[in-house]
Asker: 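One structure is given below, represented as structure tokens, and several questions about it will come after.
We're numbering straight along the sequence, starting at 1.
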Amino acid sequence: MKNWNKRQVLREDVLNLHEKYGIDALTASILVRRGITKGSDIQFFLEDSVRFMHSPFKFANMEDVVDRIFQAKDEGEIVLIFGDSDVDGITSTVVLFDALSALGVDVRWRLPSGTDPYGLNTRAIDDFEKENGTLIITVDCGISNVAEIEYASQKGMDVIVLDHHNPPEILPSPAIIIDPKCADSGYPFKDISGCAVAYKVSSALRFAQTELYKNEVALIVASEEKDGSILINALKTQNLVEKNRLSISVQPGTNVFETNLPIFLQGQQLFAWDCAQTKALLTKAFGNGADFQLVDFRNQVSKNWKWASNLSISALRSKSRFALYYKEENCDLMAFFNFFVTYCGQMVSQSNKNALADERDLQLVTLAALADIMPLLDENRIFVKNGIKSLNEIEKVREGLRELLSMQDLLGKRITSSILSWRVVPVLNATGRLRQPEIGLQLLLEKDSQKRIELAARVIEMNDERKRLGAEAWEYGRAQAEKSISENDGKLCLVIDERINRGVSGNVAGKLVSVFNVPSMAITTVEDVAIGSMRSCRSFDATAFLDALDKNEGGENFFLSHGGHNYAAGFSFKKERMAEFREKLSKLIPTIQLGADESENFDVDAEIPEKFLTPEILSIVDKLEPFGEANREILFMSRSLKIDDCLVVGKSEKQHLKLTFECGGTKWPAMIWGGAEMLHRDFDKGERVDILYHVGRNVYQGVEKPQLIVADIRRSM
């Protein structure tokens, strides 16, 4: 019997969230139970405005990337975008290709195809040299290509690395690197996809075409304290990112040069919200001799936003959505800064001649986040919320995706993160799995509608082939699995079979993890190279394990290439070294430390009494969408529900059970997938049961109805 865990929460913690953020008590209790209590985290659950995304210029090297791309444009250089072959790599390439094409850059793309290895390779560099190319930009790869990037440099090429994978100990050089996982990246959130990194560069390129680019300004706010002193807060900002902050308290009559304020403000364009009031306070503090050349930002804003013309700085703060989530920093200066960023950002957006292109980029960022199983926290939630919203408006769906959705009868239907994860991502990913990712990329770039229809049909055919190869490979893997786990002390599953198609080795490894709940490797061979995929679970770091396998006493690396994420990675080595690989693996097995097995536990988010189980609960679920990695579906619990009706459904061997519960005037349909055998064995019609469940929607003939999906069920005691 599985454990139902409902963590106790303090009433005052729930009340605190309710009062601070205006959240209903049930949503507040779910967030508290999940440990989401800080305003900086809660904002990404309650907000969906793109204003809550992090600025691309928080990447320490973003200006260098932008300047190098504009240099390539101005000097007529030929630029190559080199991507990866999966969904993240394909979408990354498309987003950056569109951005550079819009600038007028002479750009082309290349993806690993056929027998090409993962990442940048010397053959691609040699081919690009023949085209007189001078700048290579890697997307969703490159951080591990130390030798290849050095090789490109020797041929006179510059390299920009846009990646999101775990960096090696030695970074590629010379290269301009943007990778949120690098310790010195400067970026506040490390778990964005490769496509999101490309999107950040695209956004930075648009911003760099405005007069705001590199224009450093200072914001200043002054106030009089109770003791008569003047409190002066100032902030420097460049590219709408805070660079520095100063706070000083001075007594009236102080010589301004006795403070470091003049040095802080030197050479800056200086903005105040209320120029007259600020000047009066500065004069009181420093006398008439201190001349501050202030620009009244409120007057500038009022030309476009009349409602702001009479707002005081305190009133401005009360209207700030950001202030709601950062009450510990809720000073007038931060309200001013956030309003300044919001206003300038909107002015930039309004000057963007193709705002729809940005929305369509976010559709691709959404697919990449779901494909690479990025945690649906922080700004990933903003990406996916906006991408899904856009995909649900037919006229906004990107060309290529439109045909793919249409051929699967999804266009115009309700699109969710689950539908994208199960019915769109795998289809597009099939092109890379079958070593022809260029077909998926061409689908997203093609301008001719008839050709897109043909490409979409081909992509769907490739997915059918991928499923067939996956089913065959699973049979090979399953045959070895249990013996392998036993031989490896229950800590690792290793499957080696040359019949496994290299494109589905990751699928096999992933399925082994889901079935056996241990880290798993699936290895096949292509000519003289062994190619493997590793998937992990239970807090075990796959890339760190591969790093340990790669080390040899003599300093030579064992792998030809390896890398990835904590839970998903790939590697390759010479086939002739297979025995050595097994030996190295056996020595490391004792070092594997697995976390707790969570498959036997259910963590309950909220208990709903029978009389409160109404369709309105869907609004709570919708509010906390999208669901996925690090934000699982809401799991509710209800006790003593009466089974009003039972029906076994499904024509397959594994049949399902449809139940109906009567809950205070509402009849709830519920499904137990694969649960037909539970009827009469565990409960019967008319009995009362306790259930764990998700709340969703069932769509039949275009009509949506609320439905419970039962995760576990017990007779009531």
Asker: Can you check whether Glu576 reaches Asp528 side chain to side chain, under 4.5 Å on heavy atoms?
Answerer: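 When only atoms from C-beta onward are counted, Asp528 and Glu576 do not touch, as no gap falls below 4.5 Å.
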Asker: Asp179 and His165: side-chain donor and acceptor closer than 3.5 Å?
Answerer: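 Distance-only check fails for Asp179 and His165.
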Asker: What are the two closest non-hydrogen atoms of Ser421 and Pro426, and how far apart are they?
Answerer: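 Residues Ser421 and Pro426, closest heavy atoms: O-CD, 3.2 Å.
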Asker: Using only heavy-atom distances, determine whether the side chains of Thr431 and Gln436 contain a donor-acceptor pair under 3.5 Å.
Answerer: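 No donor-acceptor contact under 3.5 Å links the two side chains.
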Asker: I'd like to know if Glu454 pairs up with Arg458 as an ion pair, taking the criterion as any Lys NZ or Arg NE/NH1/NH2 lying under 4.0 Å from an Asp or Glu carboxylate oxygen.
Answerer: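 Between Arg458 and Glu454 there is no salt bridge, as every charged N stays at least 4.0 Å from the carboxylate O atoms.
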Asker: Does any N or O in the side chain of Arg466 come within less than 3.5 Å of the main-chain N or O of Arg433, such that one atom is a donor and the other an acceptor?
Answerer: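 No, the answer is negative, given that no donor and acceptor are paired below the 3.5 Å cut-off.
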Asker: Please give me the minimum heavy-atom distance between Gly114 and Arg502, naming the atom from each residue.
Answerer: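 That would be O-NH1, 3.7 Å.
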Asker: Looking only at atom types and distance, does a side-chain atom of Glu446 sit under 3.5 Å from a main-chain N or O of Asp448, one as donor and one as acceptor?
Answerer: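 At least one qualifying donor-acceptor pair exists.
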Asker: Do other residues, nucleotides or ligands put more than 12 heavy atoms under 6.0 Å from the CD atom of Gln209?
Answerer: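 More than 12 within 6.0 Å, yes.
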Asker: Say whether, by atom type as modelled, one donor and one acceptor occur between the side chain of Asn631 and the main chain of Leu376 under 3.5 angstrom.
Answerer: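 No; judged by distance alone, with no hydrogens or angles, the pair does not exist.
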Asker: Working note: Arg582 + Ser586, criterion side-chain hydrogen bond (donor to acceptor under 3.5 Å, both in side chains); need CA distance, chi angles, decisive distance, verdict.
Answerer: CA-CA 6 Å; Arg582 288 181 180 273; Ser586 66; over 6 Å; no
Asker: Hey, can you tell me if Phe573 and Phe581 have their rings parallel, tilted or perpendicular (30° and 60° cut-offs)?
Answerer: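 The rings of Phe573 and Phe581 lie parallel, inter-plane angle below 30°.
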Asker: Run the side-chain contact (heavy atoms from CB on, under 4.5 Å) test on Ile523 and Met578 for me, step by step, so that the C-alpha distance in whole Å, both residues' side-chain angles and the decisive distance to 0.1 Å come before the verdict.
Answerer: CA-CA 10 Å; Ile523 300 175; Met578 186 67 76; 4.3 Å; yes
Asker: If I compare all heavy atoms of Ile388 with all of Ser417, which pair ends up nearest, and what's the gap?
Answerer: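 That closest heavy-atom pairing would be CD1-N, 3.5 Å.
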Asker: So among Leu135, Ile125, Ile149, which one has a side-chain contact (heavy atoms from CB on, under 4.5 Å) with Met157?
Answerer: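 By the side-chain contact (heavy atoms from CB on, under 4.5 Å) criterion, Met157 pairs with just one of Leu135, Ile125, Ile149: Ile125.
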Asker: Considering only heavy atoms from C-beta outward, does the side chain of Val201 approach that of Ser203 to under 4.5 Å?
Answerer: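 The answer is no; the side chains never approach within 4.5 Å.
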Asker: We want to know whether Thr524 and Ser505 form a side-chain donor-acceptor pair, criterion being a heavy-atom distance below 3.5 angstrom.
Answerer: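 Note: Thr524 and Ser505 side chains miss the donor-acceptor criterion.
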Asker: Above 12 or not: heavy atoms from other molecules or residues under 6.0 Å from CD1 of Ile373?
Answerer: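 Atom CD1 in Ile373 is not crowded, with 12 or fewer foreign heavy atoms closer than 6.0 Å.
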Asker: Work out which heavy atom in Ala473 is nearest to a heavy atom in Val508; give both atom names and the distance.
Answerer: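 Minimum heavy-atom separation between Ala473 and Val508: CB-CG2, 3.5 Å.
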Asker: Within the 4.5 Å heavy-atom criterion, are Glu475 and Arg499 side-chain neighbours or not?
Answerer: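 They are not in contact (no side-chain heavy atoms under 4.5 Å apart), so the answer is no.
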Asker: Might you work through the side-chain contact (heavy atoms from CB on, under 4.5 Å) test for Thr525 and Ile531, ending with a clear yes or no?
Answerer: CA-CA 6 Å; Thr525 56; Ile531 299 173; over 6 Å; no
Asker: Is Ile177 close to Asp163 at the side-chain level, that is, under 4.5 Å between some pair of heavy atoms?
Answerer: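 Side-chain contact under 4.5 Å: no.
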Asker: May I ask you to check whether over 12 heavy atoms, not counting those of Lys389, lie within 6.0 Å of atom NZ?
Answerer: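 Incorrect, the count does not exceed 12.
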Asker: Using every non-hydrogen atom in the two residues, find where His164 and Ile192 come nearest and quote the distance to one decimal.
Answerer: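 For His164 versus Ile192, the nearest heavy atoms are ND1-O, 2.9 Å.
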Asker: What is the minimum heavy-atom distance between Leu391 and Val397, and which atoms define it?
Answerer: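 It is O-CG2, 3.5 Å.
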Asker: Does Leu445 have any side-chain contact (heavy atoms from CB on, under 4.5 Å) partners at least two apart in sequence or in another chain, and if so, which?
Answerer: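 For Leu445, the residues satisfying side-chain contact (heavy atoms from CB on, under 4.5 Å) (neighbours in sequence not counted) are Val94, Phe97, Asp98, Trp109, Arg398, Leu441.
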Asker: Looking only at atom types and distance, does a side-chain atom of Asn380 sit under 3.5 Å from a main-chain N or O of Pro375, one as donor and one as acceptor?
Answerer: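 Answer holds: yes.
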Asker: Rounded to the nearest 0.5 Å, how far apart are CD1 of Ile143 and CD1 of Ile178?
Answerer: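 Here the interatomic distance stands at 11.0 Å.
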Asker: Kindly indicate, with the supporting measurements, whether the criterion salt bridge (Lys or Arg N to Asp or Glu O under 4.0 Å) is fulfilled by Lys447 and Glu399.
Answerer: CA-CA 8 Å; Lys447 302 302 182 185; Glu399 291 85 355; over 6 Å; no
Asker: What I want to find out is whether Arg110 reaches Glu438 closely enough, with some N-O distance under 4.0 Å, to be called a salt bridge.
Answerer: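 Glu438 and Arg110: not salt-bridged.
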Asker: Without swapping roles, check the side chain of Lys413 against the backbone of Asp409 for a donor-acceptor pair under 3.5 Å.
Answerer: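 Side chain of Lys413 to backbone of Asp409, a donor-acceptor pair under 3.5 Å: yes, one is there.
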Asker: Salt bridge between Lys584 and Glu580, side-chain N to carboxylate O under 4.0 Å?
Answerer: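 A salt bridge is absent here (no side-chain N lies under 4.0 Å from a carboxylate O).
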Asker: List the residues meeting side-chain contact (heavy atoms from CB on, under 4.5 Å) with Lys467, not counting sequence neighbours, and say none if there are none.
Answerer: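 If we apply the side-chain contact (heavy atoms from CB on, under 4.5 Å) test to Lys467, skipping adjacent residues, the hits are Asn463, Asp464.
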Asker: Examine the side chains of Thr543 and Asp541 and answer whether a donor and an acceptor come within less than 3.5 Å of each other.
Answerer: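 The answer is yes; a qualifying pair exists.
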Asker: List in chain and number order the residues that pass side-chain contact (heavy atoms from CB on, under 4.5 Å) with Asn121, two or more places apart in sequence or in another chain; answer none if no residue qualifies.
Answerer: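 With sequence neighbours excluded, Asn121 shows a side-chain contact (heavy atoms from CB on, under 4.5 Å) to Phe82, Asp116, Pro117, Arg123, Ala124, given in chain and number order.
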Asker: Is a side-chain N or O of Ser406 found less than 3.5 angstrom from the main chain of Arg402, in a donor-acceptor match?
Answerer: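 No: the side chain of Ser406 does not pair with the backbone of Arg402.
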Asker: Under the side-chain contact (heavy atoms from CB on, under 4.5 Å) rule, collect the residues that match up with Val146, sequence neighbours excluded.
Answerer: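 Only Pro172 meet the side-chain contact (heavy atoms from CB on, under 4.5 Å) criterion with Val146.
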Asker: Any sub-3.5 Å donor-acceptor pair from Asp88's side-chain atoms to Gly194's backbone N or O?
Answerer: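 Yes: the side chain of Asp88 pairs with the backbone of Gly194.
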Asker: Can you list the steps and then say if Gln363 with Ser390 is a side-chain contact (heavy atoms from CB on, under 4.5 Å)?
Answerer: CA-CA 7 Å; Gln363 294 171 15; Ser390 181; 2.6 Å; yes
Asker: For the atom pair OG (Ser144) and CZ (Phe559), what is the distance rounded to the nearest 0.5 Å?
Answerer: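 Those atoms lie 12.5 Å apart.
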Asker: Atom CG in Leu80, atom CG in Leu100: separation rounded to 0.5 Å?
Answerer: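 The distance works out to 11.0 Å.
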Asker: Test of understanding: with ring-ring contact (aromatic ring centres under 6.0 Å, His included), list the residues that count as partners of Tyr199, not counting sequence neighbours.
Answerer: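 For Tyr199 there are no ring-ring contact (aromatic ring centres under 6.0 Å, His included) partners, ignoring immediate neighbours.
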Asker: Would you sort out whether Val365 and Asn386 count as a side-chain contact (heavy atoms from CB on, under 4.5 Å), showing the intermediate values?
Answerer: CA-CA 10 Å; Val365 175; Asn386 281 273; over 6 Å; no
Asker: Report the residues that fulfil salt bridge (Lys or Arg N to Asp or Glu O under 4.0 Å) with Glu482, sequence neighbours left out, ordered by chain and then residue number.
Answerer: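 For Glu482, no residue satisfies salt bridge (Lys or Arg N to Asp or Glu O under 4.0 Å) once neighbours in sequence are set aside.
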Asker: Is it the case that the side chain of Thr591 and the backbone of Leu588 share a donor-acceptor pair, with hydrogens and angles ignored and the cut-off at 3.5 Å?
Answerer: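 Pair found, side chain donor or acceptor close to backbone of Leu588.
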Asker: Taking everything shown except Lys181 itself, do over 12 heavy atoms lie less than 6.0 Å from its NZ?
Answerer: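 It does: Lys181 NZ has more than 12 such atoms within range.
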Asker: Is Val161 close to Leu120 at the side-chain level, that is, under 4.5 Å between some pair of heavy atoms?
Answerer: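 Sidechains of Val161 and Leu120: no contact.
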Asker: Please determine whether side-chain hydrogen bond (donor to acceptor under 3.5 Å, both in side chains) holds for the pair Asn145 and Tyr151, giving the CA-CA distance in whole Å, both sets of side-chain angles, and the decisive distance to 0.1 Å.
Answerer: CA-CA 10 Å; Asn145 291 122; Tyr151 180 75; over 6 Å; no
Asker: Quick one: does Asn429's side chain have a donor or acceptor within less than 3.5 Å of a partner on Asp86's backbone?
Answerer: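 No; judged by distance alone, with no hydrogens or angles, the pair does not exist.
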Asker: Under a 3.5 Å threshold, yes or no: a donor from one side chain and an acceptor from the other, between His562 and Asn557?
Answerer: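 Checked: His562/Asn557 side chains show no N/O donor-acceptor pair below 3.5 Å.
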Asker: Where does the angle between the aromatic ring planes of Phe516 and Trp474 fall among parallel (under 30°), tilted (30 to 60°) and perpendicular (over 60°)?
Answerer: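 Aromatic pair Phe516/Trp474 classed tilted.
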Asker: Would you say the side-chain atoms of Tyr118 pair up with the backbone N or O of Pro112, donor to acceptor, closer than 3.5 Å?
Answerer: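 Checked: no pair found.
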Asker: Are more than 12 heavy atoms from other residues, nucleotides or ligands located less than 6.0 Å from atom NZ of Lys155?
Answerer: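 Atom NZ in Lys155 is crowded, with more than 12 foreign heavy atoms closer than 6.0 Å.
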Asker: Can the positive tip of Lys200 be found less than 6.0 Å from the middle of the six-membered ring of Phe59, inside 45° of the ring normal?
Answerer: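 Relative to the ring axis of Phe59, which defines the angle, Lys200 lies outside at least one limit.
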